[in-house]
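A short worksheet on the structure shown next.
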Amino acid sequence: MPSSGVQSLVKYDNAVLLAEIREIKKKGGGTVKGRLPPVEKLTSQTEDILNTIIPPQEWEEGSQVWVQYVSSTPATRLDVINLQEQLDSQLERRQARETGICTTRELLYAQCFDELIRQVTVSCAERGLLLLRVRDESRMTIRAYKILYESSIAFGMRKALQAEQGKADMQAKIRAQERQIDELERANAELQAKCEAIHQQESEQRKEAERKHQEDVTYLRKANHQLTTQLQTFLGAQGGKK
């Protein structure tokens with residue numbers, strides 16, 4: 001007996017050699033009881049549906065190719081309980097995340113759902129086909145969400161790159177504006193210094209002019225007083241002579 005194929009929660013029959021299947025088909029023989037599902041002729045519609053829903057596993061070991069078909073054995077209550085225990089055990093062993101996106105958890109629950117479909121299909125093929133539609137629809141919806149998610153991630157990355165590039169351009173503009181502001185502030189400081197110097201100079205000149213004006217007024221008043229006194233003295237002298 002070879003090592004099992006891909007480990008799965010889906011129940012499969014025992015593996016058989018692909019060469020043995022071809023030999024049976026060539027001879028037109030029946031099936032290998034307890035090991036091989038029907039190959040040349042399907043013994044029942046249920047097995048045909050099962051092989052369509054869950055394709056057989058094939059793997060190579062050494063120089064031989066082995067095939068493992070999904071089991072058509074009806075499930076009991078104990079099988080369902082074992083399936084639940086196996087699911088919990090695999091989730092814990094493979095350290096699947098309990099929340100969020102986890103491919104391991106998604107794979108295990110998909111295998112569990114396939115096994116439930118197998119169990120239902122064995123009991124009622126119509127219910128199995130309906131569950132198959134539900135499974136395919138849910139997978140299609142998940143794929144659509146994945147595509148949407150990947151597109152949104154790509155869009156977000158493009159926007160982030162554009163924002164980063166725009167940020168660099170904006171930072172360069174900000175630095176240029178800051179340099180211009182510094183130059184304008186220096187020019188403004190120089191102009192303010194010149195204005196203060198001019199204002200101080202004008203104030204000093206105005207004070208000097210006022211001082212000179214006051215001196216001139218004082219001088220002229222003094223001169224006017226002296227001339228007035230002299231004139232009055234002269235006129236008084238003239239009046240005395242008459």
Side-chain angles (χ1 to χ4, degrees), residues 5-10 55 57 59-60 84 86-117 131-227:
V6 179
Q7 294 296 327
S8 173
L9 296 177
V10 181
Q57 296 185 109
W59 72 94
E60 187 174 349
Q84 180 178 354
Q86 290 177 9
L87 174 62
D88 294 336
S89 175
Q90 288 291 329
L91 288 171
E92 182 179 359
R93 185 178 66 84
R94 299 176 67 172
Q95 298 180 348
R97 295 180 181 177
E98 295 183 0
T99 59
I101 298 175
C102 178
T103 55
T104 300
R105 190 180 75 249
E106 178 185 0
L107 175 62
L108 291 174
Y109 273 97
Q111 292 177 0
C112 182
F113 192 37
D114 286 343
E115 171 60 17
L116 291 176
I117 292 176
L131 283 177
L132 175 63
R133 289 181 57 185
V134 174
R135 183 198 71 178
D136 292 343
E137 176 63 25
S138 64
R139 288 181 178 178
M140 183 177 64
T141 302
I142 291 174
R143 282 196 298 270
Y145 279 125
K146 284 183 177 180
I147 293 173
L148 180 62
Y149 173 76
E150 292 171 357
S151 299
S152 64
I153 290 296
F155 177 78
M157 290 296 295
R158 288 196 302 270
K159 286 299 182 181
L161 291 174
Q162 292 175 2
E164 191 66 26
Q165 183 178 1
K167 180 181 177 182
D169 297 338
M170 187 59 65
Q171 287 178 344
K173 290 181 180 179
I174 290 173
R175 287 192 294 269
Q177 293 292 329
E178 288 177 346
R179 288 194 297 269
Q180 186 176 1
I181 289 172
D182 292 338
E183 293 175 358
L184 292 174
E185 286 180 347
R186 285 195 298 269
N188 181 54
E190 293 175 358
L191 291 174
Q192 284 183 348
K194 289 181 179 179
C195 288
E196 290 178 357
I198 292 173
H199 179 72
Q200 185 176 2
Q201 184 179 1
E202 289 291 332
S203 178
E204 292 176 354
Q205 290 177 356
R206 184 172 62 254
K207 290 179 180 179
E208 181 66 21
E210 289 177 354
R211 186 184 63 79
K212 288 183 178 181
H213 175 71
Q214 188 64 32
E215 289 178 354
D216 291 340
V217 169
T218 302
Y219 173 76
L220 290 174
R221 284 179 178 175
K222 185 177 181 181
N224 180 56
H225 179 69
Q226 290 177 355
L227 290 174

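Quick note: numbers below take in every heavy atom, side chains included, and nothing from hydrogens, waters or symmetry partners.
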Approximate separation, where rounding is to 0.5 Å, of [X] [atom1] and [Y] [atom2]:
X      : Y      : atom1 : atom2 : result
Lys207 : Glu202 : NZ    : CD    : 13.0 Å
Leu107 : Cys102 : CG    : SG    : 9.5 Å
Glu196 : Ser203 : CD    : OG    : 13.0 Å
Glu208 : Glu210 : CD    : CD    : 10.5 Å
Arg135 : Ile117 : CZ    : CD1   : 5.0 Å
Ile142 : Ile147 : CD1   : CD1   : 12.5 Å

Only distances under 3.5 Å count here; give the side-chain donor-acceptor pairs of residues 177-191 to other protein atoms, sequence neighbours excluded, each with its distance to 0.1 Å.
none

* Asked: Do any pairs count as a side-chain hydrogen bond (donor to acceptor under 3.5 Å, both in side chains) and have a residue in residues 212-222, sequence neighbours left out, and if so which ones?
  -> Arg211-Glu215

* Structure fact -> The complete set of side-chain hydrogen bond (donor to acceptor under 3.5 Å, both in side chains) pairs with one or both residues in residues 98-109, sequence neighbours excluded, reads Glu106-Lys146

* Asked: With no hydrogens and no angle check, is any side-chain donor or acceptor of Gln111 less than 3.5 Å from a backbone partner on Ser8?
  -> no

* Sequence neighbours excluded, which residues qualify as side-chain hydrogen bond (donor to acceptor under 3.5 Å, both in side chains) partners of Arg94? -> none

* Heavy atoms, side chains only, cut-off 4.5 Å: are Glu137 and Thr141 in contact? -> yes

* Check Asp114 against Val10 and note the closest heavy-atom contact, atom names and distance. => CB-CG2, 3.7 Å

Which side-chain N or O atoms in residues 158-172 pair as donor and acceptor under 3.5 Å with protein atoms at least two apart or in another chain?
none

* Asked: Taking only residues two or more places apart in sequence or in another chain, which ones pass side-chain contact (heavy atoms from CB on, under 4.5 Å) with Arg143?
  -> Arg139, Met140

